[in-house]
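What follows is one structure encoded as structure tokens, with my remarks underneath.
Keep in mind that this is a model prediction, so the values were computed, not measured.
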Amino acid sequence: MLRGRSALARVCLCLVCLLGQPAAGSRDLLRQVQTLIRIAPQNDSGCRLYTPTARDYEQKCPSSSLTCVSEEVQVLIDEWAIAGVIKKRFRLKDGLRRLAAELNKTESECSRCELFPEKEAKTFLGELKDTLQKMNTPSSQKDTL
């Protein structure tokens, strides 16, 4: 049995290690987004997507922002699949949905997805990349936990 300062130090160390970890799977999602960003300049399909920003995620609506993004990512992937631009199966929507569920924050006064500005695919993916990068920073994780 652990006692005293030694036990307290170990508990604190475990807590620091857990809080310092990126959100589960967010690095893999970031890689998928970067792949889509590389594809975007080759495909100007005119697809416009509702685009929450990293700021929307940070300020008060992380779960609803990620849920909106997950739906819009699926629209983009479907559009590009129909156009024959991509053949690879992306699991980005499922991963974003999982992250949104993990946040499990009560979010009142959040904008509905349809109220975010519509932006072209490259801008949308850039905002998603920024959001995922912020999720991987330790200070951002403490705010959302």
Side-chain angles (χ1 to χ4, degrees), residues 5 7-145:
R5 290 183 190 195
L8 181 60
R10 288 182 183 169
V11 168
C12 288
L13 182 59
C14 287
L15 184 59
V16 167
C17 290
L18 287 173
L19 290 176
Q21 293 295 316
S26 62
R27 289 185 193 258
D28 180 53
L29 296 176
L30 184 56
R31 279 191 293 275
Q32 290 183 52
V33 169
Q34 289 169 330
T35 299
L36 290 173
I37 288 171
R38 283 192 298 274
I39 295 170
Q42 302 162 7
N43 181 41
D44 184 16
S45 64
C47 185
R48 298 186 61 78
L49 306 152
Y50 298 115
T51 308
T53 63
R55 187 175 190 163
D56 293 315
Y57 166 80
E58 286 181 309
Q59 286 186 339
K60 61 181 176 182
C61 300
S63 183
S64 62
S65 294
L66 286 177
T67 300
C68 175
V69 167
S70 73
E71 297 299 324
E72 293 300 288
V73 159
Q74 192 59 51
V75 168
L76 179 63
I77 290 172
D78 290 346
E79 289 278 331
W80 284 359
I82 290 169
V85 175
I86 59 173
K87 292 183 172 110
K88 179 181 176 184
R89 177 157 157 72
F90 287 87
R91 297 182 190 269
L92 196 50
K93 177 184 177 184
D94 296 336
L96 291 168
R97 279 237 179 235
R98 240 185 330 276
L99 281 177
E102 286 175 10
L103 294 173
N104 195 22
K105 254 189 160 178
T106 302
E107 299 175 353
S108 59
E109 301 180 22
C110 293
S111 296
R112 288 187 1 198
C113 192
E114 296 79 17
L115 297 178
F116 288 111
E118 288 184 84
K119 297 190 179 170
E120 62 184 24
K122 188 173 182 179
T123 304
F124 170 83
L125 292 168
E127 290 290 350
L128 177 53
K129 177 184 165 192
D130 291 347
T131 300
L132 291 172
Q133 286 174 329
K134 288 183 186 217
M135 290 176 73
N136 282 322
T137 62
S139 62
S140 171
Q141 291 166 29
K142 290 175 189 164
D143 294 341
T144 58
L145 290 178

For the pair K122 and E120, find out whether any cationic side-chain nitrogen is under 4.0 Å from an anionic carboxylate oxygen.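 A salt bridge is absent here (no side-chain N lies under 4.0 Å from a carboxylate O).
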
Can you check side-chain contact (heavy atoms from CB on, under 4.5 Å) on R38 and T35, steps first, answer last? CA-CA 5 Å; R38 283 192 298 274; T35 299; 3.2 Å; yes

[atom1]/[X] to [atom2]/[Y] distance, rounded to the nearest 0.5 angstrom?
X	Y	atom1	atom2	result
R97	Q74	CZ	CD	10.0 Å
L99	S65	CG	OG	12.5 Å
Y50	R112	OH	CZ	9.5 Å
S64	Y57	OG	OH	11.0 Å
K93	E72	NZ	CD	10.5 Å
L66	M135	CG	CE	5.5 Å

Start with the C-alpha distance between K129 and L125, add both sets of side-chain angles, then the distance that settles side-chain contact (heavy atoms from CB on, under 4.5 Å), and finish with yes or no. CA-CA 6 Å; K129 177 184 165 192; L125 292 168; over 6 Å; no

Test side-chain contact (heavy atoms from CB on, under 4.5 Å) on L49 and V73; report intermediate values, then the result. CA-CA 8 Å; L49 306 152; V73 159; over 6 Å; no

Closest contact, heavy atoms only, [X] versus [Y]:
X	Y	answer
L76	C47	CD1-SG, 4.3 Å
A100	S63	O-OG, 3.1 Å
W80	A121	CZ2-CB, 3.9 Å

Considering the options T51, V75, I37, which one meets the side-chain contact (heavy atoms from CB on, under 4.5 Å) requirement together with F124? T51

Name the one of L36, L29, V69 that satisfies side-chain contact (heavy atoms from CB on, under 4.5 Å) with L128?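 Result for side-chain contact (heavy atoms from CB on, under 4.5 Å) with L128: V69.
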
